[in-house]
Every structure is written in structure tokens, then in C-alpha cells.
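The structure under discussion appears below in the form of C-alpha cells.
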Amino acid sequence: MLSDASSGRLSMGGGDVGASRERSRRRRLWTLFLLLLLPAAYLWGRLVSGDPLDVFNLTLPSVDPMLLIPALFFLALIGVLVGSTIGAGRSPHVTYRPEQIDVTLDDVKAIDPVKDDVVRSLNLFLAHKAFSSEMGGTPRRGLLFEGAPGTGKTHLAKAMAREAGVPFLFVSATSFQSMYYGATARKIRSYFKALRKAARQEGGAIGFIEEIDAIAMARGGLSMTAHPTTQSSSVMCCGGLEGLPSQYAAAAPGIVGSAQSGGLIRNLAGMTSEGVGGVVNELLVQMQSFDDPTGFQKLRTWFVDKLNLYLPANRQLSRPVPPSTNVLVIAATNRADNLDPALLRPGRFDRRLTFEPPTKAGRRELIDFFLAKKAHHQELDAEEQRDSLAAVTQGYTPVMIEHLFDEGLVNALRRGDQAMNRQDVERARLVEEVGLGQPVAYTEHEKRLIATHEAGHAVTAWLVAPQRRLEVLTIIKRRDALGLLAHGDAEDVFTRSRDEMTGLIRIAMGGQSAEEIFFGDVSTGPSGDLLYATNIAAQMVGAAGMTDTLISYAAVQGSALSDTNLVGRVLSDKDGRERVERILQEQKGHTRVLLHENRHLVEALRDALMERHELIGREITDVLEEAQTRHSELLVDVRTAAAEGATTLGG
């Protein structure tokens, strides 16, 4: 195997693919030579014999126009009918040559584990004959890319085709669908036929099916999982650590928002369409039947079978063996769990690769990659600036990061500049995550109430969760929120402790507590905060074992509890509801005491909000630090004055 030592990848011209391509090229040249040799020999023979051809002295037979016109009409009608039938079953793919693809594996960033596994699959694809004949292995024939939109599935597939140096047959699964009965299955057959033909001609071919769930959803009566729960196994596994619960995840990427109006977070059940089972069956057959005989082999087989009818058993001719086609099928989907389980077994899709949003290190790599291509001011070249951008874009996919910089360039154009700066990027991120600001004519009382509410959130977060990053504090209406605090983790985290969970509940309770302290009443604003806090408390009680019970409500199945979501199960149980209520009341009590002791911080932040309407990043903490410093100096002055007064009285 010829490989690139620096990348671990086989060279494009090396391996079995390059050898097969060279043999196919020589075979085509010999075929062309033989085809041209026969007419050339005939013409030279006529010239040598002195009998040249007179091709221009030809007479056409006379045809009656009254017969010709109806004949042409019916021929055209037959052509339209036959053409529509053939066109309905034509493969809808688009073929890209390697030189037409401008993406290489070096352009794939932030998904190194997936990229390394793909390189191994690519090496097996390029050296398929050596792997099968010398080592006895079966090369991978199918890769399934699953993951959220924008995580690089299509990008990586294109890079694979470019690096392999073979044709890349791209098709969207929705383009297979047709209103004519049976046309979808014919299109699938035509696509795989074209894939096999390209592989025979070029030594290999890569097929990419985008959004394969459009034609490969689970058939009726089959479980939508590749691993049946009834399967027996001698291996007993303990559940591993789980990530952050999705019930209290924020809608905006990378931040946890505490909004005045509160947006409901809904868990949508997977909605599937049963479709036609024949389409899935056809796809299953084609994924398993790459090595079909060619048309010439079918003709040879027919002749051999006819001759064998006249030959004795010991003189029978052997039938031709179908050629092994080097085909790699890649499919991408966002809903892999809803695919037909028969499609996910080895032999069809041998590898299932999950694309996750990049980590902080991956985001930093992407930021360097994209900024190298986009106009920006020198301040964005500073290491601390890029590290800061990588930290605040938690949860961003590669496409989202590139889009963020594109929006930053748009903001630069609005300023009349040809390059973006950090403020342009921050404005773009604010709009993308929180929404476009909409002016609202608040009354003076509403303005003070909303500012106090949001200041309560921010002060609580600053005091109880110093590890969190305060992003935006605003009383400008954005989306459905009349005011909000956007805050997120300073570093990428995948689990939370009990203290962190209770800290999130206290932050959510900060708005209502501030209203009670400064107004002696509460408004409808904390409704979204209570929803957020209830979700967290239910997770602590029903799933994480963070209270005086270790029972997991997630284990309840069947009709024991009617609610299908965890929060509903916990709240429908009397003991669970009491535990959730106890957690919420205790944390709200702690929050009220904390804010009462730090009224000066709430007042300072409230006044800054009423004056500037919106504070971003360091602007929030600067106000709080300045207020804390003034308060500390005031306390020192008071203590000094009290000490001096006591000394005077004593004298």
C-alpha cells in the first residue's frame, strides 16, 4: 500500500483503485484500436484495389407525403410515451469528477476522531483487493453519517471523493420520490447501476445519498432501532455518565437564557411516515447486491447455458463470475434512529459515525480556518480574542461559526468598513442567539419593574455562579422576551454537580425575588423562570438522585404513570411533587436573603439598565464591580466614623 506518511492516507494513484483505473484505460484503448482497425483496413483495401467509394452519389427512395406525415406523428407519439416511461425511472444523481471538488481532507476541521476513522475507511476503499485477498477481510461498503445539521457530513463526503480520485455520485433522497407507482424503485436501481458502472470504469466510485431518511424510514411493524431489546447477551453493562439534561437546555446555542416572557421548550416526538415498503426493500437489495453482472456477461452467460445443454456433465463450460465492483456508499441523516433496522446491519452500512458540535479546541481551529479567508481587523488576530470567541460560541456547528463571521462582515459593510472587528462579530452573535431588538414603549413603572427583575437574575448569577459567563442583560424586547439575561458556561461542560444545579435554580428565582424585595409584589414575568426552575428540580428528583430518594422516574414504563415526560412523571407523583416544591421554596428563600443583603448591586444594575437599556459582556460585570467597590468603601467610612465617634464619647 502506497501511503502518505504525513497524513496516513493512500496516495490517489496508488493502491488497487489506481491499478484498476490503469487497466481499464488500456482496455479502452485496445477496444478503440480494434474498432478503428476494421474500417481502416477495409478502406485501405479499396484504395489499393483501385475501387474508391463514391459516398456522395446516393439516391433516396421517394415517399408519399400523405403516408409520411401520419407515420411521423405516430412515431413521435411512441417516442414521447417511451421517453416519459424511461425518464420516470432515470437516476436523478449528479456526477462530480475529483477535479470538480474543491474540498480536501485538510479543509475538514474540528472533527478529528471522525476524520481519522474516515481515513481508515478510505484506505480500505483504495486497497480493497489487497485487504480482501491478502488479509481475508471484507472492505467497508457503506458509511452512515448522522448528526445535527451543519456539522460537516456532506463536507467530509466530498473531501473523501476528492482524496480518493474517483467519481462522486451525489443524490438527494427526495429526488428518488415519484408520483408514479414503481418509479421510485426504478430510480434507486438506476442509481446503483450507474454507481457500479462508474466503479468498473474508474476502479472505484463513491455514492452519497443526502437525507436518506426520506426513503429509508422503518417499515410498518418493525422497531426503529438497530439493536432489539429482546436480544440476549452474556455481557451486563452499567449505564455510563450522561450528559446535561435537555429539559432545561436553552434555545440559543451555548447560552442559558432567563427571559421575561419565558419560551416553552417542547420535546417533539419523532413523526414518521410509513411510506411504501417496496422502496425500502429495493434499497436493501441494492445495498447488498453491488456485484451484479454486466450486460456483456449476461450475454456470455446465455450462450454458455445454451451450449451446456449439448455438452456432457464433465465437459460443461463454466459461467463467468460477476466482477467485484469497488463501491462505497455514504448516507447522511439527522434521524438515524428512525431508519429501518435492516439497513443498519453490517454488510449494508458497516460504520455509523456520529457528528457532534465541535469542542472548544475544535471551535478555535475553525475560527483560525475561517478568519484566514475573511477580511478582519488586526484585533481579531490576537490569541486572547480568538480564545474568547471559541469560548462564547459553545454549541456552535462549523456552519454556524462561518455564518457568524459572514454576518460580522455584513455589520462591517453597514459601518462603511471593508473588514470586521470584534464588535461586529458580537452584534452578529447577539442577533443570532437572542434575536433582533424591537423597540417597545414601556411605561415608567414597567421599565423599572423589568429592569429590577433582570438585575435580580444577573446579581444572583454573579454571586452564586462565578464560573458562568454573563453574556447579555437587556430590557429591549427580543423575540418573545421583554427582557432577559443570557448566561452560559465559561468552559465546555458535559455534567453538572448538585451545587451547580441549585445555582441555576437560584438564578431563575432571582427575578421574582427582586420584584418582591423592591415592589412587595410579583408580576406575570417570572412564568418562564418558574418553568425553567421546575424542569431542573424535576431532573434532580426524578433522574439524578440529588435528593433523599434514589428512585429514577425515567424507569417508569407502561401505564404506571400517564405522563410520558420526566417532569410530568415526577409532578404526577405526590412524593415527587413535594420534593420539587421543597427544592424550589428552599432555593427561593436563599435567593431572597442573598439579594436583600446585596440590594446595592441590584440597584446599581437596575439604574444602568434603565439608562442604557442593554449591557453586553464586561459591561455587566463592570457595573457590579464598581458598585461593590463603592459599597465596600462606604462600609469602611461608616466603620471609621463609628470608631471615631466611640473614641470621642469615651474621651
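These figures come from a predicted structure and were not determined experimentally.
Contact of the I215 side chain with the I188 side chain is registered, since non-hydrogen atoms from C-beta on lie closer than 4.5 Å. Side-chain contact between L339 and L144 is present, with heavy atoms from C-beta onward closer than 4.5 Å. Taking 4.5 Å as the limit, some side-chain heavy atom of H377 sits within range of a side-chain heavy atom of D417. Within the 4.5 Å cutoff, no side-chain heavy atoms of F131 are placed close to those of N123. When side chains are defined from C-beta on, I212 counts as touching L283, because their heavy atoms get closer than 4.5 Å. Taking 4.5 Å as the limit, every side-chain heavy atom of S190 sits out of range of all side-chain heavy atoms of R90. Considering only heavy atoms from C-beta on, E211 comes within 4.5 Å of N334 through its side chain. The closest side-chain heavy-atom distance from V399 to P149 is not below 4.5 Å.
Between the side chain of R363 and the backbone N or O of T393 there is at least one donor-acceptor pair closer than 3.5 Å. N326 contributes a side-chain N or O that, together with a main-chain N or O of F125, makes up a donor-acceptor pair within less than 3.5 Å. Side-chain atoms of D424 come within 3.5 Å of backbone N or O of N421 as a donor-acceptor pair. Side-chain N or O atoms of Q177 include one that pairs as donor or acceptor with a backbone N or O of A214 at under 3.5 Å. Under the 3.5 Å distance criterion, the side-chain polar atoms of D340 are left unmatched by any main-chain donor or acceptor of A216. Not a single donor-acceptor pair under 3.5 Å links the side chain of K153 to the backbone N or O of G150. Using a distance-only test at 3.5 Å, with no hydrogens or angles considered, a donor-acceptor pair links the side chain of R348 to the main chain of A342.
Salt-bridge check for R352 with D117: failed, with every basic side-chain N at 4.0 Å or more from each acidic carboxylate O. Between R97 and E202, at least one side-chain nitrogen of the basic residue sits less than 4.0 Å from a carboxylate oxygen of the acidic one, meeting the salt-bridge criterion. One finds no salt bridge joining D350 and R141 here, because no Lys/Arg side-chain nitrogen approaches an Asp/Glu carboxylate oxygen to under 4.0 Å. Checked for salt-bridge contact, E426 and R429 meet the test: a charged N lies under 4.0 Å from a carboxylate O. Under the 4.0 Å criterion applied to side-chain N and carboxylate O atoms, R386 and D381 are assigned as salt-bridge partners. Using a cut-off of 4.0 Å between Lys/Arg side-chain N and Asp/Glu carboxylate O, R364 and D368 are scored as salt-bridged. A salt bridge between D107 and K158 is absent, with no side-chain N of the basic residue lying under 4.0 Å from a carboxylate O of the acidic one. One finds no salt bridge joining K360 and D387 here, because no Lys/Arg side-chain nitrogen approaches an Asp/Glu carboxylate oxygen to under 4.0 Å.
The aromatic rings of F168 and Y96 sit tilted relative to each other, their planes meeting at an angle between 30° and 60°.
Put simply, CG on L307 and CG on L317 are 6.0 Å apart, with the number rounded to the nearest 0.5 Å. The structure places OG1 of T359 at 11.5 Å from CD1 of I111, a figure rounded to the nearest 0.5 Å. The distance from atom CZ of R140 to atom CZ of R120, rounded to the nearest 0.5 Å, is 7.0 Å. Here the CD1 atom belonging to I401 is positioned 12.0 Å from the CG atom belonging to D406, to the nearest 0.5 angstrom. Rounded to the nearest 0.5 Å, atoms OG1 (T151) and CE (M400) are 11.5 Å apart. Note: D337 CG to L344 CG = 9.0 Å, rounded to the nearest 0.5 Å.
Heavy atoms of other residues, nucleotides or ligands lying less than 6.0 angstrom from CD of E379 number more than 12. Around CD of E99, the count of heavy atoms belonging to other residues, nucleotides or ligands within 6.0 Å exceeds 12. Atom NZ of K193 has 12 or fewer heavy atoms from other residues, nucleotides or ligands within 6.0 Å.
For P92 against F176, the heavy-atom pair with the smallest separation is CD-CE2, 3.8 Å. In terms of heavy-atom proximity, I209 sits nearest to A173 at CG2-CB, 4.1 Å. The heavy-atom pair separating I330 from I206 by the smallest distance is CD1-CG2, 3.7 Å. Minimum interatomic distance between S388 and R422 (heavy atoms only, all atoms of both residues): OG-NH2, 3.1 Å. Smallest separation of non-hydrogen atoms from D102 and R162: CA-NH1, 3.8 Å. Taking all atoms of both residues into account, the shortest heavy-atom contact from A161 to I101 is CB-CD1, 3.8 Å.
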Practice task
Begin with the C-alpha distance, continue with both residues' side-chain angles, and end with the deciding distance and a verdict on side chain to side chain contact (heavy atoms under 4.5 Å, CB included) for L105 and L122.
Solution key: CA-CA 11 Å; L105 285 175; L122 191 59; 4.3 Å; yes

Practice task
Please assess M160 against L143 for the test side chain to side chain contact (heavy atoms under 4.5 Å, CB included), listing each intermediate value before the final yes or no.
Solution key: CA-CA 12 Å; M160 289 179 65; L143 301 177; 4.0 Å; yes

Exercise for the section: Test side chain to side chain contact (heavy atoms under 4.5 Å, CB included) on L404 and F370 and set out the steps. Expected result: CA-CA 10 Å; L404 179 66; F370 290 130; over 6 Å; no

Practice task
Show the numbers, then the answer: is there a side chain to side chain contact (heavy atoms under 4.5 Å, CB included) between L353 and L156?
Solution key: CA-CA 12 Å; L353 302 176; L156 181 56; 5.8 Å; no

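Residues E146 and T354 have side chains that bring a donor and an acceptor to within less than 3.5 angstrom of each other. Looking only at atom types and distance, the side chain of E210 has a donor-acceptor partner in the side chain of T154 under 3.5 Å away.
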